[in-house]
Trainee: 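Here's a structure for you.
Counting convention: from 1, in listed order, for ligands and their atoms alike. Small disclaimer: the values here were computed from a predicted structure and weren't measured.
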Amino acid sequence: MTPKHGQLIYEGKAKRIYETDLDNRVLIEFKNDATAFNALKHEEFEGKGRINCEISAHLFEVLEKAGVPTHYLSREDDCWMLAKHVEIIPLEVVVRNIATGSLCKETPIEQGKELIPPLLDYYFKDDNLGDPLLSEARLERLGVISKKKKLEVEKLSSQINILLKAFFKQLDLTIVDFKLEFGIDKNGQILLSDEISPDTCRIWDQRNSDDKARILDKDRFRKDLGGLVNAYGEVLKRIQGLSSKPHNCS
Ligand code: UDP
């Protein structure tokens, strides 16, 4: 693998970030670990790291091509990605197209309800506090993002949602909701960072109407449904099928 990884900068629940010998470049290693409920539940899944790295790399490429600035540079090996070094803004930006998960636990909004327009929620990225949901007032009070950058994040998140919805639709998949993280590079530019994978998105199979069998994301682990690696593999298989299809130029 080139370049070589240097010192470990940060270890998260599903990734490790390393320094490299290249200026402002980091190597990201995707781990096989899966956690849920603020890491109260933990398990390793052989093959998950590779699948998520490949899915994430592909989605970053799709978004970059459409003009979304991301930290992604290249996929270096099975589980490794080269990316630009960024300072992560300590916010989890969740975009929701269909109501499920915490939204339905915390509000009377009905499970499965289509959210028009999509809902955008901010969570404060802090494991010790359990990543709490933020009100606009609390977000402003925390001062972790300027008003200008917040507007930029909102514009990018909505553009990313439009692009991901269309991308998954052609694979007969529905992107129900997802979590984004943004970082700031050395020039002060906002870049989409972290990962986009079945660990961080809810993805439903449109070819299956069974409300458990259609789940192709980390809810398989959260809800003890089994078959996580197969489900993630199915998402990757459809993505790969798309790139091997001949281009229709008409
Ligand atoms: N999500 C994530 N990391 C988190 C919390 C949520 O990637 O720490 C993703 C999750 O996979 C889903 C979306 O964000 O796609 C919305 O999650 P929700 O708020 O419903 O939380 P959950 O039900 O997972 O507790």
Trainee: Are Phe45 and Tyr232 close enough that their ring centres sit under 6.0 Å apart?
Mentor: no
Trainee: Give the atom numbers and elements of ligand 1 that come within less than 4.0 Å of a heavy atom of Ser102.
Mentor: 18 (P), 19 (O), 20 (O), 21 (O), 23 (O)
Trainee: Please indicate, with yes or no, if any protein heavy atom is found under 4.0 Å from atom 6 (C) of ligand 1?
Mentor: no
Trainee: Under 4.0 Å from any heavy atom of Glu92, which atoms of ligand 1 are there?
Mentor: 4 (C), 5 (C), 8 (O)
Trainee: Numbering the atoms of ligand 1 from 1, which are under 4.0 Å from a heavy atom of Gly101?
Mentor: 20 (O), 23 (O)
Trainee: Count the heavy atoms of every other residue, nucleotide or ligand shown that sit under 6.0 Å from CD of Gln170, and state whether that count exceeds 12.
Mentor: yes
Trainee: Which ligand 1 atoms does Asp199 reach within 4.0 Å, using its non-hydrogen atoms?
Mentor: 7 (O), 11 (O)
Trainee: Who clusters with Phe37? Use side-chain heavy atoms, under 4.5 angstrom, across I, L, V, M, F, W and Y, and order the result by chain and number.
Mentor: Leu40
Trainee: Where on Thr200 is there a heavy atom closer than 4.0 Å to ligand 1, on the side chain, on the backbone, on both, or on neither?
Mentor: both
Trainee: Regarding atom 23 (O) of ligand 1: of the candidates Lys179, Arg202, Arg222, which has the closest heavy atom?
Mentor: Arg202
Trainee: Which bit of Lys218 is near ligand 1, meaning a heavy atom under 4.0 Å away: side chain, backbone, both or neither?
Mentor: neither
Trainee: Where does Tyr123 meet ligand 1, judged by heavy-atom distances below 4.0 Å: at the side chain, the backbone, both, or neither?
Mentor: side chain
Trainee: Does Lys105 reach ligand 1 with a nitrogen or oxygen that is under 3.5 Å from one of the ligand's nitrogen or oxygen atoms?
Mentor: no
Trainee: Select one of side chain, backbone, both or neither to describe which atoms of Cys201 lie under 4.0 Å from any atom of ligand 1, heavy atoms only.
Mentor: backbone
Trainee: Under 4.5 Å between any side-chain heavy atoms of Leu27 and Leu82, yes or no?
Mentor: yes
Trainee: Among all protein heavy atoms in this structure, tell me which lies nearest to atom 12 (C) of ligand 1, with the distance rounded to 0.1 Å.
Mentor: Asp177 OD1, 3.2 Å
Trainee: With a 4.0 Å cut-off on N to O distance, would you call Glu234 and Lys237 a salt bridge?
Mentor: yes
Trainee: Between His71 and Asp185, is any side-chain donor less than 3.5 angstrom from a side-chain acceptor?
Mentor: no
Trainee: Using a 4.5 Å cut-off between side-chain heavy atoms of Ile, Leu, Val, Met, Phe, Trp and Tyr, which other residues end up in the same hydrophobic cluster as Ile109?
Mentor: Leu103, Leu115, Leu119
Trainee: Kindly indicate, with the supporting measurements, whether the criterion side-chain contact (heavy atoms from CB on, under 4.5 Å) is fulfilled by Lys15 and Glu29.
Mentor: CA-CA 5 Å; Lys15 289 184 298 297; Glu29 182 189 11; over 6 Å; no
